[in-house]
2 protein chains.
Amino acid sequence: MKKPNAKERILETAGELFFQRGYSGVGINEIIEKAGTAKASFYQHFPSKESLCEAWLQEMHDRSTDTHARLLGSDLSPQEMAAAYFTHLADFLKAGDFRGCPYSNTGAVSDENCCGILKLIRLHKESTRKFFREIASLSIPDAARAEAIGDRLFVLYSGATAEAQNLKTLWPVEIARDAAVELLS
Amino acid sequence: MKKPNAKERILETAGELFFQRGYSGVGINEIIEKAGTAKASFYQHFPSKESLCEAWLQEMHDRSTDTHARLLGSDLSPQEMAAAYFTHLADFLKAGDFRGCPYSNTGAVSDENCCGILKLIRLHKESTRKFFREIASLSIPDAARAEAIGDRLFVLYSGATAEAQNLKTLWPVEIARDAAVELLS
DNA sequence: CACTTTACAGACAGGTCTGTCTGTTTATCT
DNA sequence: AGATAAACAGACAGACCTGTCTGTAAAGTG
C-alpha cells in the first residue's frame, strides 16, 4: 500500500498532472520524476506517452461506470439521482481547481492521429449520455421523449462542466442542476 | 484586397490554424510560412505568440458582438432568435470540421500565466451569457426567472458546442436548440 | 535623389520534448 | 547461493519550439 509498483505510481502521478495541466502540458520527464521512477521503467510499461494517456482515460472511465451503476441501483428518485450527479460534479470541480472535463480537455489537443484517445473520449461520452437517458426513462413513460430529455441532461451536464472551467465558478452547475430537476418533473 | 499587409495576413492565417489545430498545436514558424512573411516581420507586429492569440480572440469576439447585436435588433421572436443562433452554430461546426469553441479549446491549454488570454475568454463567455439573458428577457416577464432561463440557454449552447466537437456530430446542437425553444415558450 | 519605413531571408541561441540506449542496483524465486 | 526479473540512473539523439539577431530588398515620401 505504501509502495505500489512503478506502473501504478506512474499512472497515478500522470493522472494528477494530466488533470491539472492538460495532456499536452505535461512531459514524460516530469511524470517520472514526480513518480520516482526511471525513464527506462516508464517505457517498459507504456510504449508511448499516448498509451499512458489512454490508460488514464480508461481508468477514469471505469470509475465513472461504477458511479453510474451505483446511482442507478440506488433507491433515489430520478430527480434525486440527477441532482446527486450534479452535486458530485460540483464537488469534483471544487476539489480540482475547476479544471473541467478531462476528456474534453484532452480531446481539444488531440488531432485525428490520436485515434485511440479520441475513441476513448467518444466511448465515455456516449456512456454518460446513456446514463442520463436511463435516468430520464425512469420518470418519463414515453420512450422517445425520455431519450430526448436524457440527451438534454447530457448537454446541460457538459455545458456546466465547460463553463465552470472557463469562468472558474460554480453557477453553471447549479443552473444545470435546476434545469435537470425541472426536466425530470 | 488581394494583398493585405503582413499583420493582417498573419492574423488571418493564425486564426485559421489556431482554430483547426488549437493554439498549442501551431507554431510561429508554420504561421509565418503559410502567411508568406518573415519572422522578423511577425515580431514587429506582435511581441509574442501569446499576444497574437489575444488579437485573434479579440477579433472573433468583436465579430460575435456584432452578430448578437444584429440578432437582438432584428424583428424575430425570442424563440426564432435562439433557434437562429443554434442554427448558426450548426453551420459553423459543419464548416469547421467540428472543432468546437475556439475559446474553450484555447482555455484548455492555457495556464494561469496567460492571464490576458484567460481574461478574453471570460469576457467573451460573459458576453454570450448576457446575450442569452437578453433573449430570455424578451419572452419572460419576471426578471429573475428570465436571467435563470438565459443562463440555461447559455449552458445548453456551451454543452452543444463541446459535445458536437467530442462526438463529431450535430445532434447535441439540435437537442439544445429544441430545449432552448421550449424554455422560451 | 536621399531618406525612412516596411518587409523579406534565414541563421542562431537556448530551451523543451519524446523516445532510445548503456549500464548498475535491488528484489524475488528456486 | 545463484539466477532472473524488475527498477534504477542518466546520457544521448533528433526534432521542435520561441524569440533574437544580422543583413538585404523594396516601396513610399520629402
Side-chain angles (χ1 to χ4, degrees), chain A residues 1-57 105-106 108-118, chain B residues 1-57 105-106 108-118:
Chain A
M1 190 70 183
K2 280 324 230 342
K3 197 129 196 288
N5 62 29
K7 184 168 184 177
E8 281 170 27
R9 262 181 301 154
I10 290 169
L11 194 50
E12 190 187 330
T13 307
E16 289 167 13
L17 293 173
F18 284 162
F19 175 64
Q20 285 164 10
R21 307 216 309 278
Y23 172 59
S24 66
V26 182
I28 298 287
N29 294 315
E30 184 179 357
I31 292 170
I32 60 171
E33 190 216 341
K34 293 227 164 81
T37 73
K39 191 173 277 196
S41 309
F42 172 85
Y43 280 101
Q44 215 153 20
H45 292 293
F46 301 97
S48 67
K49 186 190 177 190
E50 195 175 322
S51 79
L52 170 65
C53 181
E54 291 172 14
W56 169 56
L57 295 174
N105 288 341
T106 304
V109 294
S110 301
D111 51 27
E112 60 278 1
N113 298 13
C114 320
C115 57
I117 289 175
L118 295 180
Chain B
M1 190 70 183
K2 278 324 227 346
K3 197 128 195 289
N5 62 30
K7 183 167 184 176
E8 282 169 25
R9 262 180 302 155
I10 289 169
L11 195 49
E12 191 188 329
T13 307
E16 290 167 11
L17 293 173
F18 284 163
F19 176 63
Q20 286 164 10
R21 307 218 310 277
Y23 172 59
S24 66
V26 182
I28 298 286
N29 293 316
E30 184 180 358
I31 292 170
I32 60 171
E33 190 215 342
K34 292 228 164 79
T37 73
K39 190 174 277 197
S41 309
F42 172 85
Y43 281 100
Q44 214 152 20
H45 292 293
F46 302 96
S48 65
K49 186 190 176 189
E50 195 175 323
S51 80
L52 170 65
C53 181
E54 290 172 13
W56 169 57
L57 294 174
N105 287 342
T106 304
V109 294
S110 301
D111 50 28
E112 61 277 1
N113 298 14
C114 319
C115 56
I117 289 176
L118 294 180

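A note on names: the letters A, B, ... follow the listed sequences, proteins ahead of strands, and every chain is numbered from 1. As the structure is a prediction and not an experimental result, all values here were calculated from the model.
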| B/Glu33 CD: over 12 foreign heavy atoms closer than 6.0 Å | no
| remark: In this structure, CD of A/Glu8 is separated from NE2 of A/His45 (nearest 0.5 Å) by 9.5 Å
| task | If a protein heavy atom is under 4.0 Å from the base, mark B; if only from the sugar-phosphate, S; if neither, -; do that for nucleotides 16-24 of chain D going 5' to 3'. | result | --BBBB---
| said: How many whole angstroms separate atom CD1 of A/Ile31 from atom P of D/dC8? | reply: 15 Å
| said: Nearest 0.5 angstrom please: B/Glu16 CD to B/Leu11 CG, how far? | reply: 10.5 Å
| said: In the structure I gave you, are the side-chain heavy atoms of B/Glu50 and B/Tyr23 within less than 4.5 Å of one another anywhere? | reply: yes
| query | Given side chains that start at C-beta, do those of A/Thr13 and A/Thr37 come closer than 4.5 Å, heavy atoms only? | reply | no
| field | A/Phe46 CZ - C/dT18 P separation (whole Å) | value | 14 Å
For nucleotides 5-7 of chain D, list the nitrogen or oxygen atoms of the protein found under 3.5 Å from its nitrogen or oxygen atoms, one pair per line.
residue : atom : partner : partner atom : Å
D/dA7   : OP2  : A/His45 : NE2          : 2.8

| query | Considering all heavy atoms of both residues, which atom of A/Thr106 and which atom of A/Cys53 are nearest to each other, and what is their separation? | reply | CG2-SG, 3.8 Å
| query | Within 45° of the six-membered ring axis of A/Phe46 and under 6.0 Å from that ring's centre, is NZ or CZ of A/Lys7 located there? | reply | yes
| query | Between A/Arg21, A/Lys49, A/Lys39, which is the residue that forms a salt bridge (Lys or Arg N to Asp or Glu O under 4.0 Å) with A/Glu30? | reply | A/Arg21
